[in-house]
Chemist: 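One structure follows; several queries about it will come next.
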2 protein chains.
Amino acid sequence: MNQKLAAQRHELILRAVRTHGTVRLQELVDLLGASAVTVRRDVTALADRGLVVRVHGGITMPKHAEPFPRGPQSVVGPAPAHPLVGMVAPSVEYYWPAVIQGAQTAVAAAGGRLVLRASSYDAAEDRRRVCELLDRGVQTLLVAPSTSGRAGVELLRWLGALTVPVVLVERLPPPELPTTALDAAVTDHAIGAGLAVRHLATLGHRRIGLVTSRQSPHSDAIRTGWTTAVSSLELPFNGVPVLDVPPYGSPQWTRAVDEVIDECLAADVHAVLVHADREAIGVLERARDRGVQVPGDLAVVSYDDEVAAASDPPLTAVRPQKHRLGALAAQLALARLADPLDRPVHRVVLWPTLTVRESCGTALEPQKGWTS
Amino acid sequence: MNQKLAAQRHELILRAVRTHGTVRLQELVDLLGASAVTVRRDVTALADRGLVVRVHGGITMPKHAEPFPRGPQSVVGPAPAHPLVGMVAPSVEYYWPAVIQGAQTAVAAAGGRLVLRASSYDAAEDRRRVCELLDRGVQTLLVAPSTSGRAGVELLRWLGALTVPVVLVERLPPPELPTTALDAAVTDHAIGAGLAVRHLATLGHRRIGLVTSRQSPHSDAIRTGWTTAVSSLELPFNGVPVLDVPPYGSPQWTRAVDEVIDECLAADVHAVLVHADREAIGVLERARDRGVQVPGDLAVVSYDDEVAAASDPPLTAVRPQKHRLGALAAQLALARLADPLDRPVHRVVLWPTLTVRESCGTALEPQKGWTS
DNA sequence: TCGCTTTCGATCGTTTCCGATCGTTTCGTT
DNA sequence: AACGAAACGATCGGAAACGATCGAAAGCGA
C-alpha cells in the first residue's frame with residue numbers, strides 16, 4: 001500500500017498479534033506493505049520493550065503465569081544428579097580466577113562439574129564460547145558477557161532467549177532491555193569506592209584523589225561511587241585530580257605515575273584511591289623511588305584486593321568478594337535449574353569489604369585549619 | 001490445517017495434553033497437520049523443558065512434584081542447632097502474612113523457631129518490638145521498619161548498630177544512610193508495575209491510568225515503575241489520571257472510586273493499574289453497580305495478588321513473591337548468623353510475576369478447529 | 001542549498017526448520 | 001519365545017527465515 005510511520009506499523013503489528021495470538025512474519029509483510037527486514041526490525045523493537053515474544057518465523061503474545069493456581073508444577077524431574085555447569089569469563093588472569101574458583105567450589109559441593117571457557121571482553125567471542133559450552137551439553141550457564149555497544153545488546157538478547165538457564169556474573173542487562181529476565185549476581189563497586197573514600201575521610205583527609213585504569217569495565221562504577229561519596233561527605237572537588245592511567249607495564253606507565261604523584265602533591269592531595277592492585281603497587285614503587293613517603297605524604301587505597309597484602313607497605317584495599325560471588329552465581333544457576341518455571345528473577349548484590357593495612361596510616365595528624 | 005508455527009504447535013500440544021491427560025502421537029499428527037517426525041521433535045523439545053513426559057506412543061502430563069521440593073542448600077557453615085529468629089512485621093493483615101509464612105517455613109526447615117511481633121508502620125513501635133524480641137533472646141532479626149522521616153533514619157541507624165544480625169525485609173536503608181551495612185531482601189515493585197503496563201499495552205491500550213492507595217510504602221515504587229514503563233513505551237501521559245484513593249472502606253471511599261471511574265472514562269482511559277487487591281476489587285464493585293463493563297469499558301490490573309483470584313471477574317494481578325521473599329530473608333539471617341564477620345552485605349531483589357486472569361479481556365480465543 | 005542523521009530496502013551468506021527415508025527398538029499378540 | 005506392526009532415532013536435502021552489510025531516500029537544521 002503506502003508508506004507508514006514506524007509507530008503506525010507497531011500499532012498494526014500489535015493489533016495483529018492481539019487478534020490472532022500468533023502471527024507469521026510473512027503475514028506482517030503482506031499486511032504492512034513493508035519489506036521483511038523492516039518488519040523484523042519493528043518486531044525486535046517491540047520484543048525489546050517486552051510487548052511481544054519473537055519465535056522463529058513470527059511472533060506470539062508474551063507468556064505469563066497460568067491463571068489457574070495449579071500446584072507447583074515446578075520440578076522437571078528432580079534437579080539432575082550431576083549437573084554440568086558452563087561458565088564464560090572474560091579473562092582468567094585478572095579478577096576472575098577467584099570468581100571461577102568460587103563457582104567451582106559451589107558446583108562441586110552440589111555434586112556437579114564446572115566447565116570453563118575463557119573469552120576476552122568481546123561479544124562475538126563470548127557468543128562463540130557459549131555455543132561451545134552448549135554443544136558440550138551444559139545444563140546451565142554462568143556468563144560475564146560484554147554488554148557494551150550494539151553487539152552487547154545483541155548478545156544479551158540472545159542469552160535471554162536461550163533455553164538453558166543463564167546467570168549473569170558481574171553484569172546486568174543494559175537499560176535498553178529492561179525486561180530481560182535473567183538472574184544476576186553483581187558486586188556494588190560504587191559502594192566499594194565509597195568505603196574507601198569514607199575510610200580516608202575518617203583518617204582526616206578531605207582532598208581525596210582517584211586513579212582509574214583505562215579499559216576496565218568497573219571503572220565507571222568506581223568513578224560514580226567516588227563522586228557520590230565525595231559529594232555526600234561534602235568534600236572538595238576542585239583541584240582534586242581524577243586521572244586515568246595506561247595499563248601497568250606499558251611504555252608510558254612510569255611517566256603517567258609520575259604525573260599522578262606530581263598532580264596530587266601539587267594539589268595538596270595526600271590520599272588517593274587507585275583502581276586495581278597492580279596500578280596501586282606501581283604508585284607505591286614510584287613513590288618510594290622518588291622519596292615520597294607512604295602513607296606520610298600520600299595515603300593509598302587500592303581497589304581490588306588481589307595482591308595488595310604483599311606490597312610494601314601493605315596496601316589498605318577494597319576487597320570485592322569474588323569467591324563468594326562466584327559461588328552465589330553458581331547457586332543461583334543450580335536453583336534455577338531445579339525450578340525453571342515458577343522461580344522469579346533473582347538479582348543479588350554483594351558489597352565489597354575494606355581491608356585496612358598500612359598504606360593509609362592509622363593515625364591522623366592533627367589537621368591545621370580544621371574548620372566547619 | 002496448513003503450516004503452523006512451532007510455537008503454535010507447542011501451544012496446541014500442551015493444551016491437548018492438559019485436557020486429555022495423555023495423548024497418542026498419531027492424534028497429534030492429525031491435530032497439527034504436521035508430519036510425525038516434526039511432532040516427535042516438538043514433543044522432545046517440550047519434554048526437555050519438562051512440560052510433558054514422553055511415553056512410548058505418546059505423551060502424558062508431568063507428575064506434580066511434592067509441594068516443597070527444595071533441598072537444603074546454600075547455607076554454608078555450621079548454624080546454631082536451634083536458632084531463635086525474631087521478626088517484626090508492620091502488619092499481620094495485609095501483604096505480610098505470606099511473607100511471615102515464608103520466613104516461618106524457612107526457619108523451621110533449618111530447625112529453628114520464628115518469633116513474630118506485629119507493629120504498625122510506626123518507628124517508635126518498631127523499636128519497642130525489636131527490644132522485646134531482644135529481651136526474648138532472639139539471635140537474629142528480620143525487620144520491616146518504617147524508614148520515613150527523621151524517626152525512620154534514626155531507627156535504621158539503631159538497627160545497623162545492633163549486635164545481632166538484622167535483615168531488612170521489603171525495605172532498604174534511606175538514601176541518607178547509604179552505607180548502613182544491613183542485609184536486605186526486597187521486591188522490585190517498579191518492575192512489577194512495568195509488567196502490568198506492558199501487559200495492558202500488548203492488549204492494545206495506550207492510555208493507561210494509575211490508582212495508588214495512600215499511605216502504602218510501596219506506592220512510590222509503583223508510581224515510578226508506571227512512569228518509566230509509560231515513557232519507555234512512548235505512551236501518552238497527558239490527561240491520563242494518576243490518582244490516590246483513601247483506604248478501602250473509609251467514608252470517602254465510594255466517592256473516590258466514582259471519581260476514579262469518571263476521570264478514566266472522561267479521559268478516554270480504558271485501562272488502569274490499581275495498587276492493592278482491596279482497592280481493585282472496590283473499583284470492580286463500583287463499576288458493576290454503575291453499569292461500567294469490566295473489562296469491556298475498563299480493564300483493571302491489580303497490584304498484589306492476595307485475593308485477586310476470587311473477585312468477579314477474576315483480576316489479572318501482579319504477584320509479588322511474598323512467600324519466597326520471607327524464606328529468602330530468613331535464609332539470609334541464618335547464613336549471617338553462621339558467619340557474622342566475613343560475610344559481605346547481601347542485597348537480594350526479587351521480581352514479581354504477572355498472573356493473567358479475566359479483568360483485562362485477553363479476548364483472543366486461540367484457534368479452534370480441534371476436537372475436544 | 002548543503003550536510004547530517006534517521007529510516008527503509010536490496011542483497012548475500014548463514015542458520016534454522018521441516019519432511020522423507022531407512023535401519024533399529026519397543027510393544028502386543030500368538 | 002517369536003513374530004509383525006508401530007514407534008523411534010539418525011541422517012540428508014530443500015526451503016524458509018535470519019542477520020549483516022551496504023546503499024538509497026527522506027527528514028531536519030544551519
Side-chain angles (χ1 to χ4, degrees), chain A residues 1-13 16-17 22-49 52-60 122-135 137 145-146 149-164 176-177, chain B residues 1-13 16-17 22-49 52-60 234:
Chain A
M1 194 104 90
N2 48 6
Q3 290 289 81
K4 289 184 181 62
L5 245 45
Q8 293 176 290
R9 290 198 310 271
H10 290 184
E11 187 56 36
L12 285 174
I13 292 171
V17 72
T22 94
V23 187
R24 192 172 294 277
L25 202 129
Q26 188 56 47
E27 296 172 0
L28 290 177
V29 172
D30 300 339
L31 171 65
L32 299 177
S35 79
V37 58
T38 299
V39 173
R40 250 193 291 276
R41 269 192 280 253
D42 291 340
V43 161
T44 56
L46 291 173
D48 282 351
R49 294 193 258 167
V52 301
V53 172
R54 298 195 61 164
V55 295
H56 189 94
I59 55 178
T60 72
D122 173 66
E125 184 171 359
D126 292 341
R127 185 186 294 226
R128 280 198 303 275
R129 298 286 167 256
V130 169
C131 288
E132 291 172 18
L133 288 169
L134 291 176
D135 291 343
S146 164
R150 253 204 22 214
V153 173
E154 193 58 40
L155 179 58
L156 259 293
R157 206 181 270 142
W158 181 70
L159 287 172
L162 290 180
T163 53
V164 303
E176 298 94 308
L177 302 176
Chain B
M1 202 126 88
N2 48 7
Q3 291 289 85
K4 286 185 178 58
L5 238 43
Q8 288 177 287
R9 291 197 311 270
H10 290 183
E11 189 59 36
L12 287 174
I13 291 172
V17 73
T22 155
V23 187
R24 301 192 63 81
L25 201 130
Q26 189 56 47
E27 296 173 359
L28 290 178
V29 172
D30 300 339
L31 169 64
L32 299 177
S35 76
V37 60
T38 299
V39 173
R40 245 194 296 277
R41 265 192 282 253
D42 290 339
V43 162
T44 311
L46 292 174
D48 284 348
R49 286 192 270 163
V52 301
V53 171
R54 300 194 61 164
V55 295
H56 192 91
I59 54 177
T60 71
E234 295 173 8

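In the text below, chain A, chain B and the rest are named by the order of the sequence lines, each starting its count at 1.
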Chemist: Considering only side-chain heavy atoms of Val37(A), which listed nucleotide, dA7(D), dA20(D), dG19(C), is closest?
Modeler: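 Of dA7(D), dA20(D), dG19(C), dA20(D) is nearest to the side chain of Val37(A).
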
Chemist: Show your working on side-chain contact (heavy atoms from CB on, under 4.5 Å) between Ile59(B) and Ile13(B) and close with a plain yes or no.
Modeler: CA-CA 10 Å; Ile59(B) 54 177; Ile13(B) 291 172; 3.7 Å; yes

Chemist: Measure from the side chain of Arg24(A), starting at C-beta and using heavy atoms only, and say which of dC8(C), dA7(D), dA17(D) lies closest.
Modeler: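 Closest nucleotide to the Arg24(A) side chain: dA17(D).
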
Chemist: Contact class for Val29(B) vs. all strands (heavy atom < 4.0 Å): base, sugar-phosphate, or nothing?
Modeler: nothing

Chemist: Given atom CZ of Arg40(B) and atom C1' of dT26(C), what is their separation to the nearest angstrom?
Modeler: 13 Å

Chemist: Which whole-number value in Å describes the distance from His56(A) NE2 to dA17(D) C1'?
Modeler: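 One finds 4 Å between C1' of dA17(D) and NE2 of His56(A), rounded.
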
Chemist: Flag the pair Arg128(A) and Glu132(A) as a salt bridge only when some basic side-chain nitrogen lies within less than 4.0 angstrom of an acidic carboxylate oxygen.
Modeler: no

Chemist: Which comes earlier along DNA chain D counting from the 5' end, the contact point of Gln26(A) or that of Arg127(A), where each point is its nearest nucleotide?
Modeler: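 In this pair, the answer is Gln26(A).
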
Chemist: Nearest whole Å is fine: how far is dC17(C) P from Asp42(B) CG?
Modeler: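 In whole Å, dC17(C) P lies 10 Å from Asp42(B) CG.
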
Chemist: Within the pair Arg54(A) and dG19(D), is there a side-chain N or O less than 4.0 Å away from OP1 or OP2?
Modeler: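 Arg54(A) to dG19(D) OP1/OP2: side-chain N or O found under 4.0 Å.
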
Chemist: Report yes if a donor N or O on one partner sits less than 3.5 Å from an acceptor N or O on the other, where the partners are the side chain of Arg41(B) and the base of dG9(D); otherwise report no.
Modeler: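 Between dG9(D) and Arg41(B), which were checked side chain against base, a qualifying N/O pair under 3.5 Å is absent.
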
Chemist: Tell me whether the side-chain N/O atoms of Arg9(B) come closer than 4.0 Å to OP1 or OP2 in dC17(C).
Modeler: no

Chemist: At less than 4.0 Å, is any side-chain N or O atom of Thr38(A) found next to OP1 or OP2 of dC8(C)? Yes or no.
Modeler: no

Chemist: Under a 3.5 Å distance rule, please check whether Asp126(A) uses its side chain to pair with a backbone N or O of Ser146(A) as donor and acceptor.
Modeler: yes

Chemist: Between dG19(C), dC8(C), dA7(D), which one does the side chain of Ala34(B) approach most closely?
Modeler: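 Within the option list, the nearest is dG19(C).
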
Chemist: Which atom names give the shortest non-hydrogen contact between Arg9(B) and Asp42(B), and what distance separates them?
Modeler: NE-OD2, 2.5 Å

Chemist: Categorize Ala36(B) for me: base, sugar-phosphate, or nothing, with a 4.0 angstrom heavy-atom threshold over every strand shown.
Modeler: nothing

Chemist: To the nearest Å, how far apart are Asp30(A) CG and dA16(D) C1'?
Modeler: 14 Å

Chemist: Run the side-chain contact (heavy atoms from CB on, under 4.5 Å) check on Thr22(A) and Glu11(B) step by step: do they pass?
Modeler: CA-CA 11 Å; Thr22(A) 94; Glu11(B) 189 59 36; over 6 Å; no

Chemist: Output the single nucleotide from dC18(D), dG9(C), dA20(C) whose closest atom is nearest the side chain of Ser35(A).
Modeler: dG9(C)

Chemist: Could you tell me the separation between the CD atom of Glu27(B) and the C1' atom of dA7(D), rounded to a whole number of Å?
Modeler: 15 Å

Chemist: Within the 4.0 Å heavy-atom criterion, would you say Val43(B) contacts the bases, only the backbone, or no part of the nucleic acid?
Modeler: nothing

Chemist: Reading DNA chain D from 5' onward, which residue's closest nucleotide shows up sooner: Arg150(A) or Gly57(A)?
Modeler: Gly57(A)

Chemist: Calculate the interatomic distance between Asp48(B) atom CG and dG9(D) atom P; express it in whole Å.
Modeler: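 The distance from CG of Asp48(B) to P of dG9(D) comes to 11 Å, rounded to the nearest Å.
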
Chemist: Is there a donor-acceptor contact under 3.5 Å linking the side chains of Arg54(A) and Thr44(A)?
Modeler: no

Chemist: Roughly, in whole Å, what's the span from CG in Leu25(A) to C1' in dA15(D)?
Modeler: 16 Å

Chemist: When the distance from CD1 of Ile59(B) to C1' of dA7(D) is rounded to whole Å, what number comes out?
Modeler: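 In whole Å, dA7(D) C1' lies 14 Å from Ile59(B) CD1.
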
